[in-house]
Amino acid sequence: MSTVERARELQGELAELRRALHREPELGLHLPRTQEKVLAALDGLPLEISTGRSLSSVTAVLRGTGAPGGAVLLRGDMDALPVQETTGLDYASRIDGRMHACGHDLHTAGLVGAARLLCDRREQLSGDVVFMFQPGEEGFNGAGMMIDEGVLDAAGKKPDAAYAIHVTSSQIPCGAVYARPGAMMSACDELRVTVRGRGGHGSSPHRAKDPVPAVCEMVTALQTHVTRTFDVFDPVVVTVGRLSAGSKSNIIPESAAFDATVRSYSAQNRELLRTGLPALVEGIARAHGLEVEVEYEVLFPVTVNSPDETGFALDTARELLGAEAVLPAPNPINGSEDFSLVLEQVPGAMLFLGAVLADRDPRTAPTNHAPSAAFDDAVLSRQAALLADLATRRLAATAG
């Protein structure tokens, strides 16, 4: 029986697990109910299982009993988002203000499926497989924490390769695999600015020190800085996602603040942003005679796919799913991933898998993170089969 055929037999169980996860989404690093469901799904399999000390992670190691070989790491993230779901699905989130709007419930269930498939062929594995069930991908550095707790040494040897699959609710046709060598996703940092002045009556701004015009100038100056400092062929993106000031129209506030997300694709531009953006807002504050507090937090590096591992992964997908199912990515994706921290230490690839609902057009369907984002769990068997074959074939290639 082929990997795809066996994975199809698991489809019902995987979909049931995925929907159970979807109904009870959890945020951040501490996911006790999610962890419980994963442990139950892995129970009885020939795995060496450990859980995280400072986060609700699950690390499972499968020891192949075939020829001696190396190790491969497969990752699935598990956390949800602080989003109020509006899909109307019968398995929609039961918890107000939380939703699996990024498809991590599919990632978790798909990785369980890969574990089931690989345990079935344990005697064919020329080495070991590490299953990395990760909390805290959505801005909590869960991957970094798992690395600190030893996930890359879980098999007793560093992995030779690492792979992750991320589903999308739009853009990519359902069932299609999408990836590119080199930069796959952007680096992500955050700029936080608070401008302090002196409050007063809105009728007499000359008697106060108004921080609002300065903050407005900063927001627009950031965009001009991007277009006048950086090469368009090595792009950066600066987006102000939060801006706050004041309590009433006729009151000049004491302070105003904004937060911006900062994306880049090269180390050189990332460093220019880290030094240049704070200097810009500080200069504007001085020009207005105001005080300013600036925080620039360096978060996650560029997600860089190894050319060799990406080529191997796409070749595997073509053989497993058919040539028509593979779509080489012409450009990187502007989102960011803490799987980049794994790929800094282990060659590997982040792949994307279309999971658009059958009645939606990929071009107009709601994107990941939207309250109406929805994913077709029919792709779970494809995800599980591809992860399993990537591990099996990669271990066979380095068997000694």
Side-chain angles (χ1 to χ4, degrees), residues 81-83 138-141 144 183 185-303 331-338 340-341 367 369:
L81 286 159
V83 172
E138 296 290 352
F140 293 89
N141 190 34
M185 301 181 75
S186 66
C188 177
D189 301 320
E190 189 164 303
L191 173 70
R192 294 185 286 270
V193 177
T194 300
V195 178
R196 303 191 186 281
R198 185 172 66 243
H201 199 288
S203 66
S204 306
H206 61 290
R207 300 184 185 279
K209 286 189 175 183
D210 192 348
V212 173
V215 163
C216 293
E217 184 176 333
M218 289 173 186
V219 171
T220 56
L222 289 174
Q223 305 309 314
T224 302
H225 182 75
V226 166
T227 63
R228 294 299 179 269
T229 306
F230 298 97
D231 188 335
V232 295
F233 296 107
D234 185 5
V236 304
V237 175
V238 179
T239 297
V240 174
R242 188 191 72 86
L243 192 154
S244 64
S247 58
K248 197 176 179 187
S249 63
N250 66 343
I251 300 174
I252 294 172
E254 291 279 329
S255 65
F258 68 88
D259 299 338
T261 186
V262 183
R263 312 287 171 138
S264 57
Y265 291 96
S266 68
Q268 176 183 351
N269 279 358
R270 195 180 192 198
E271 180 61 18
L272 286 173
L273 289 162
R274 187 188 68 80
T275 57
L277 298 186
L280 177 67
V281 299
E282 288 166 357
I284 292 171
R286 283 196 301 272
H288 285 262
L290 302 169
E291 296 179 359
V292 64
E293 296 175 8
V294 183
E295 297 178 50
Y296 194 96
E297 186 176 6
V298 174
L299 295 175
F300 308 117
V302 179
T303 302
N331 300 305
I333 292 172
N334 258 1
S336 302
E337 252 285 351
D338 66 1
S340 58
L341 298 171
T367 61
H369 289 215

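All values below were derived from every heavy atom in this structure, side-chain atoms included, with hydrogens, water molecules and symmetry-related copies excluded. Count residues from 1 along the sequence. This one's a predicted model, so the numbers in the text were calculated from it and none came from an experiment.
- Heavy atoms only, all atoms of each residue included: M185 and E337 are closest at SD-CG, 3.5 Å.
- Looking only at side-chain heavy atoms (C-beta outward), V281 and F258 come within less than 4.5 Å of each other.
- Residues N334 and Y265 have side chains in contact (heavy-atom distance under 4.5 Å, counting atoms from C-beta outward).
- Contact check for M218 versus V195: side-chain heavy atoms found under the 4.5 Å cut-off.
- The two atoms that bring L290 and A214 nearest to each other are CD1-CB, 3.6 Å, heavy atoms only.
- Of all heavy-atom pairs between A183 and V302, the closest is CB-CG1, 3.8 Å.
- Listed here is the closest heavy atom pair of S255 and T194: CB-CG2, 4.4 Å.
- Annotation: E271, atom CD; neighbour count of heavy atoms from other residues, nucleotides and ligands within 6.0 Å is above 12.
- Residues P332 and S186 fail the side-chain proximity criterion, which asks for heavy atoms closer than 4.5 Å.
- A salt bridge does not link E291 with R196: every distance from a Lys NZ or Arg NE/NH1/NH2 to an Asp or Glu carboxylate oxygen is 4.0 Å or more.
- When N269, V262, T227 are each tested for a side chain to side chain contact (heavy atoms under 4.5 Å, CB included) with V236, only one passes: N269.
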* Residues N141, L341; criterion side-chain contact (heavy atoms from CB on, under 4.5 Å); working and verdict -> CA-CA 9 Å; N141 190 34; L341 298 171; 3.2 Å; yes
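- Here E190 contributes atom CD and D259 contributes atom CG; the two are 5.5 Å apart, rounded to the nearest 0.5 Å.
- Scanning all heavy atoms of the two residues, the minimum distance from P278 to V294 falls at CB-CG1, 3.8 Å.
- Atom CZ of R242 is surrounded by more than 12 heavy atoms from other residues, nucleotides or ligands within 6.0 Å.
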* Test side-chain contact (heavy atoms from CB on, under 4.5 Å) on I252 and V212 and set out the steps. => CA-CA 8 Å; I252 294 172; V212 173; over 6 Å; no
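- Looking at heavy atoms from C-beta onward, L243 lies in side-chain contact with V215 at the 4.5 angstrom threshold.
- Side-chain contact check for L273 versus D189: every heavy-atom pair is 4.5 Å or farther apart.
- Considering every non-hydrogen atom in both C188 and L299, the closest pair reads O-CB, 2.9 Å.
- R270 has its side chain within reach of P301: a pair of non-hydrogen atoms, C-beta onward, lies under 4.5 Å apart.
- In this structure, the separation between CG on L272 and NE2 on H225 is 7.5 Å, given to the nearest 0.5 Å.
- Atom OG1 of T220 is separated from atom CD1 of I284 by 7.0 Å, given to the nearest 0.5 angstrom.
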* **L191 vs L222, side-chain contact (heavy atoms from CB on, under 4.5 Å): CA-CA, chis, key distance, verdict** => CA-CA 11 Å; L191 173 70; L222 289 174; 4.2 Å; yes
